[in-house]
Each structure stands twice: as structure tokens, then as C-alpha cells.
Amino acid sequence: MTTGWHDFNPRQRHKAEDVFHALSMVDAIVEGIEEERPRRAGFTDLYAFATNPDREMSPTLSLAFAQDPSLEGDLLRILERTARYQFPKVAAASSGSVARRDGDQYRILLRPSRADPMQVYVVIELGDIMAAPPRTLYVCRPGCRCEKHRLPVAHDGTIQILADSGSSLVEGLQDNRAEVFLR
Amino acid sequence: MMSVRVFILTTEGPVEVQRITAEDPGVQSVICLDGKAVSLPVSPAYEAFVRSPTGVIEANFGHSAYRLDVSERISEGLSWQLGVFLAHALYRLDRLACGTGEIAVLTTGEVDRDLNVLAVEDVPEKLLKAEALISELARSGTDTRILLPRENMPTQSSAVSIVPLSTIAEAFAVLEMVVPMASPPAYMEGSRSRPRGRNKSISALILGLVAVFAVIFWSIRVGNENGSIETAKRIAAPLPVPDLATTVFETRAPKGKTCAAVHFNAAKPKIFETTISKGGQFADSKLKNLCGLDYRVTNRGPPVILSVLGVRGARGDETLRPKLFFRRHRLGAGEQASLSVQPPRTTVPVRLRFLLIAEPDLESASQLPESVDPLPDTLSRARLRELMTDISDAGLTVFTLSHILVPEG
């Protein structure tokens with residue numbers, strides 16, 4: 001024999017609701033504790049980092065990158081498959097600092113600020129204004145961890161960021177060995 | 001000449017304009033916080049305020065990209081426009097000061113394309129937030145002036161001089177500024193509209209030259225046939241520059257259906273909208289399943305008289321097919337004109353171009369000459385190129401828009 005909600009009297013229903021709330025609260029508390037326990041980063045974490053603009057580098061994933069250098073290669077492969085655009089590598093003959101990256105759909109330009117030479121405008125020109133603009137930029141330099149940069153909203157087919165010349169974004173984009181992805 | 005500090009009144013407190021720098025025209029104008037690499041959220045609005053054809057700074061001071069540093073955050077709204085315009089004028093005269101200055105201007109207000117000063121909200125609150133600064137400036141002996149839109153003048157008297165403004169020209173007079181501008185607007189001559197005598201002379205000029213405006217349309221085609229992007233051209237105008245926005249709506253047949261089904265209401269079409277890019281060019285459209293094109297021109301400024309010429313042609317065509325969509329059509333503020341185009345049947349890419357000729361809605365009317373209306377069925381490029389040479393100094397505003405239609409396969 002089973003007892004249904006409609007078999008309860010009002011007092012019993014009230015008690016049942018109290019128990020439900022209490023159990024929900026215990027679940028929430030336990031869930032929080034379990035989240036903080038160290039766990040291994042899986043493919044899901046890597047994929048989410050590569051594809052979800054809102055997903056930051058979690059401590060778990062950061063630890064995994066530190067322990068397993070091959071993960072960088074895995075991330076690059078995911079980016080190559082999922083990115084909206086991958087800029088061609090800058091020609092090997094190009095030495096030193098890169099001031100622009102040309103692609104057939106996008107172009108990235110670095111323009112020093114005249115107001116402050118230590119600041120640089122990163123200008124991303126969008127070739128197709130019909131397409132949804134990219135939201136994230138990844139800069140992957142050999143021997144370094146791929147860096148993810150959230151992009152501001154595009155205006156008139158252009159995304160513009162003002163950054164310090166010594167920032168990882170600018171240094172990464174200037175590095176002719178770096179691979180750059182837009183997503 | 002006396003140096004001037006400019007403070008923008010905000011509900012969070014006064015914000016000082018610290019510095020203006022002319023930047024590389026390839027970047028978008030930004031408002032930055034205190035010299036840091038922090039672009040404030042109002043920067044896109046500042047870019048629109050600066051760059052032609054929407055902006056008034058480039059139109060009046062001749063440069064298209066600036067960085068403006070302020071002492072505190074400005075989060076939203078457009079009431080910074082009056083202070084920013086004055087700061088640009090002072091920068092032009094090398095009189096903009098920061099930290100110390102002989103005169104301090106505290107101001108809030110919007111500025112329209114004709115350089116009229118428009119009312120804003122929350123002025124009492126902004127003045128309240130500025131009391132400490134006003135006292136400090138008084139103690140230091142700084143000549144302090146508050147400039148407000150005429151509609152925002154407080155009813156109560158103030159210890160500080162408050163000057164009502166209707167136009168930027170009045171602000172210039174208060175600050176004893178004679179500003180060299182790229183194309184001096186009519187108000188600088190003491191009137192908000194063009195003087196009649198000048199009106200007539202320009203009208204006479206228009207009468208003979210309106211036809212050649214069409215030339216820009218075609219001549220740019222001739223000149224840039226191999227280029228992928230054309231630039232929207234604005235002929236330097238001594239009149240207020242019309243503010244037109246253009247959008248195209250593509251009507252497409254849904255998957256598995258044809259345009260015939262759409263036309264006979266047997267299938268619900270899909271509508272796609274896009275606005276014009278900075279370069280005056282729409283993104284290319286594929287002709288597959290494209291049933292109709294509807295270009296909408298919205299007047300974001302005061303009333304204008306609009307004429308629209310369209311031309312169609314494929315690469316290498318020596319003769320072009322023109323069509324006059326509108327002939328001196330009055331477009332009121334906020335009104336929209338619609339240009340419907342049937343997609344051509346073609347096996348090669350076709351470029352549609354539109355020449356928007358806009359005139360301020362003034363008493364003296366220009367006429368489209370016979371060479372343009374009625375239009376011949378075809379026009380040679382040579383003829384258009386010939387006419388183009390006469391257009392450079394005309395007092396009208398011309399925008400060219402370009403749209404490439406690509407056949408499938």
C-alpha cells in the first residue's frame with residue numbers, strides 16, 4: 001500500500017513540506033562541500049573553457065595544465081575545431097613584434113596610443129557584419145598557457161580594446177609565434 | 001588668452017575633462033578614465049559624437065578620432081556632449097586647462113547636429129553635487145561659470161553666474177572664443193538657419209549641380225570597380241549635415257519553399273535585417289531564395305529633402321541602369337523612406353548602388369535638372385565622370401551605399 005499526498009491531512013502535509021525543505025537544504029550544503037573537494041579536470045572542463053565565453057580558468061583546470069603539459073595541445077586542437085576563426089601563422093621571416101594579423105574574414109591591428117605610448121589600441125575589424133561578432137579571443141604562445149580574453153561589443157564592424165603595452169594581451173598578439181583564435 | 005577648465009556635471013558629481021589627444025584615425029574615439037587604459041562605457045557614444053557623418057566633432061574640427069581623458073567615470077547618457085564639445089573647441093584654441101585655470105566652466109547638455117543645445121534631466125541634482133567644487137573654485141578665485149540649456153535654467157537665484165544656452169555659438173560668446181572650424185555652420189553668422197541671400201546663391205548652385213551629385217554614385221563605381229569596399233562619401237557641406245540611417249530587410253523563402261510560394265502567401269517568408277557598415281557597404285547577399293529587398297532610410301535629424309538614385313550593373317558594364325526612387329521627397333524628423341527592389345535574375349554578381357542626396361528642408365527649393373529627371377534608360381560612365389568634376393564644392397550632402405548580390409554557385 002502506498003500513501004499519496006491526498007491521503008495526508010493538513011498537519012501531515014505541513015510536516016512533509018518541512019522535511020522536504022530540510023532535505024533540500026542538506027543537499028545544497030553537501031553539494032557545496034563536494035564542489036570544493038579536489039577532483040581531476042576532465043574533457044568537459046577543457047571543452048567548456050574553450051567554447052564558453054563565460055567560463056574562466058578554474059583552479060582545477062589550472063592545476064591540470066600545470067601537471068600535464070599535453071593538455072595545451074588538447075586545448076589547441078579543440079580551438080582549431082571550434083573557433084570561429086583561426087588566424088594564419090605570421091610568416092616565419094617576420095621577426096620581432098607583430099603589429100597586425102590579416103585574415104580573410106578578420107583583421108587585428110595594434111595601434112599605439114598617441115596619448116600614451118605605453119598604451120595600445122587592439123582593433124579587430126570584422127569582415128562580415130552579418131555574422132555574429134566573436135565574443136572571445138584566445139592567444140596561445142609556445143611554452144605558455146593559452147590566454148582567453150573576453151571581447152567587448154562590436155561597434156560599426158569593429159571591436160576595440162585599449163590595453164597597456166605590457167599586458168599579456170598585447171604581448172601575446174605581438175608575438176609572431178603565437179596562434180590567435182576568435183570565437 | 002585665458003585658460004579654461006571644463007567640468008561635466010553629472011548626478012555622481014562634476015567630472016573634469018583632463019586632456020584631449022588626436023588619435024590615429026584608424027581607431028575609434030574613446031573616453032578614458034584618468035589616463036589609464038580604461039575605456040569608459042560611453043565611448044561608443046563619443047565615437048558617434050566625433051566621427052562624420054553622425055558626429056559633429058569631425059565635421060567642425062576636422063579630425064576623426066580622439067581620446068578624451070576624464071577625472072571620474074561617466075556611466076551613461078548624452079549630457080556630457082555640451083562639455084565635450086566645448087572642451088574640443090578649447091583644445092583647438094590651445095586653451096583647455098586641467099587642475100588649474102583662470103576660468104572654470106561647469107556644464108551639462110546635449111548638442112544636436114545643428115549645434116543647438118538641448119535640455120537634459122536631473123540638473124538640480126547635478127548642481128547640488130557640484131556645490132563643493134563651486135565653493136572650492138570660489139575660494140581659489142577662479143572665474144566660475146555654469147552653462148546650462150535654456151530649458152534647464154533653475155528658478156531660484158544662484159551665487160554663481162548661470163548662463164542659459166540655446167546654441168553652441170552662445171557658449172562661444174560667453175567664453176570669448178573665436179573657433180576656426182572645418183566648415184563653419186550658419187549659426188556662426190548670427191542665425192540658426194542659413195541667411196537668405198546665401199540661401200539663394202546656394203540654391204542657384206544647386207540648380208546647376210544637383211545632376212552631378214549622381215556622378216559620385218557612378219564615378220565611384222568607375223574608380224573603385226576592383227575594390228571590395230566603397231566609402232560613403234559626404235561632400236563638405238556648409239549646411240547642417242543630414243543624419244540618415246540605412247537598413248535593409250531581406251525577404252527570403254523558407255527552406256524547401258520558393259519565392260513564388262512567398263509571393264502567393266503560400267509560405268511564410270523569413271525576414272533578415274542588417275544596417276549599413278561604416279564603409280557605406282552592406283554585406284554581400286546571396287541571391288538564392290532572395291525574394292525581395294527593402295531598403296529603409298531613416299532621418300535621425302531635422303527634416304530633409306531627399307532624392308534617391310539607384311543604379312545597377314555588373315563588373316565591366318560600360319552602361320549602367322539608373323532608377324530615380326525619390327525626387328525631392330520630404331522626410332520629416334524620425335520619418336522613414338522605403339526603397340523596394342526586386343532581386344535581379346543574373347548569373348554574375350551585381351552591384352546595387354544608391355545615391356542619397358539630402359538637402360535641409362529650407363524655403364528655397366532646388367530642382368532636379370532634366371539630365372537626372374526624367375532619367376535615360378542607361379547612362380555611360382564617361383558621361384557621369386564628366387559631370388563629377390563639378391560637384392566637389394556643392395552644398396548638399398550625398399551618401400553612397402553599395403550592396404552586392406551574388407548568384408548561387
Side-chain angles (χ1 to χ4, degrees), chain A residues 84-85 97-135 137 139 147 149-174, chain B residues 18-48 50-55 63-69 91 228-229 232 245 247-248 250 272-286 403-404 406:
Chain A
R84 180 170 298 166
Y85 193 73
S97 178
V98 176
R100 63 186 290 159
R101 289 171 186 266
D102 289 300
D104 54 5
Q105 295 176 42
Y106 301 94
R107 183 163 62 170
I108 298 178
L109 302 162
L110 301 178
R111 297 182 186 274
S113 168
R114 292 177 185 172
D116 185 344
M118 297 305 290
Q119 293 174 6
V120 174
Y121 292 97
V122 178
V123 180
I124 303 172
E125 295 178 352
L126 315 180
D128 183 1
I129 61 164
M130 292 281 277
R135 295 174 62 190
L137 180 143
V139 181
E147 291 210 346
H149 301 274
R150 189 87 179 257
L151 296 176
V153 177
H155 293 281
D156 288 337
T158 301
I159 295 170
Q160 181 173 290
I161 305 163
L162 181 59
D164 288 316
S165 57
S167 66
S168 60
L169 170 63
V170 173
E171 288 189 343
L173 290 171
Q174 286 174 331
Chain B
Q18 296 176 317
R19 181 174 59 159
I20 293 176
T21 309
E23 288 284 18
D24 184 326
V27 306
Q28 295 181 336
S29 295
V30 289
I31 296 183
C32 291
L33 180 63
D34 199 22
K36 298 171 191 155
V38 178
S39 174
L40 296 183
V42 293
S43 292
Y46 176 55
E47 159 75 7
V50 168
R51 196 180 296 268
S52 286
T54 55
H63 187 71
S64 61
Y66 290 93
R67 169 179 171 157
L68 184 142
D69 283 280
Y91 166 74
S228 58
I229 289 182
T247 305
V248 63
E250 294 180 356
F272 300 90
E273 177 187 358
T274 184
T275 51
I276 193 77
S277 72
K278 185 166 62 180
Q281 172 136 3
F282 290 102
D284 294 3
S285 292
K286 290 183 178 167
H403 193 182
I404 296 175
V406 184

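What's counted below: heavy atoms across the whole structure, side chains too, no hydrogens, waters or symmetry copies.
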Residue-level contacts of residues 107-119 of chain A with chain B, using a heavy-atom cutoff under 4.5 Å: A:Arg111, A:Pro112, A:Ser113, A:Arg114, A:Ala115, A:Asp116, A:Gln119

Contact winner vs chain A - B:Ala48, B:Ser39, B:Pro44, B:Ser285, heavy-atom pairs under 4.5 Å: B:Pro44

Within-4.5 Å side-chain heavy-atom neighbours: B:Arg67 and A:Leu162: yes

Engaged part of B:Val30 at the chain A interface, taking heavy atoms whose separation is under 4.5 Å: side chain

Close approach to chain A in residues 18-25 of chain B, criterion heavy atom under 4.5 Å: B:Arg19, B:Thr21, B:Ala22, B:Glu23, B:Asp24, B:Pro25

Residue pair B:Ala37 / A:Asp164: nearest heavy atoms and the distance that separates them: CB-OD1, 3.7 Å

Heavy-atom side-chain proximity of B:Glu47 to A:His155 below 4.5 angstrom: no

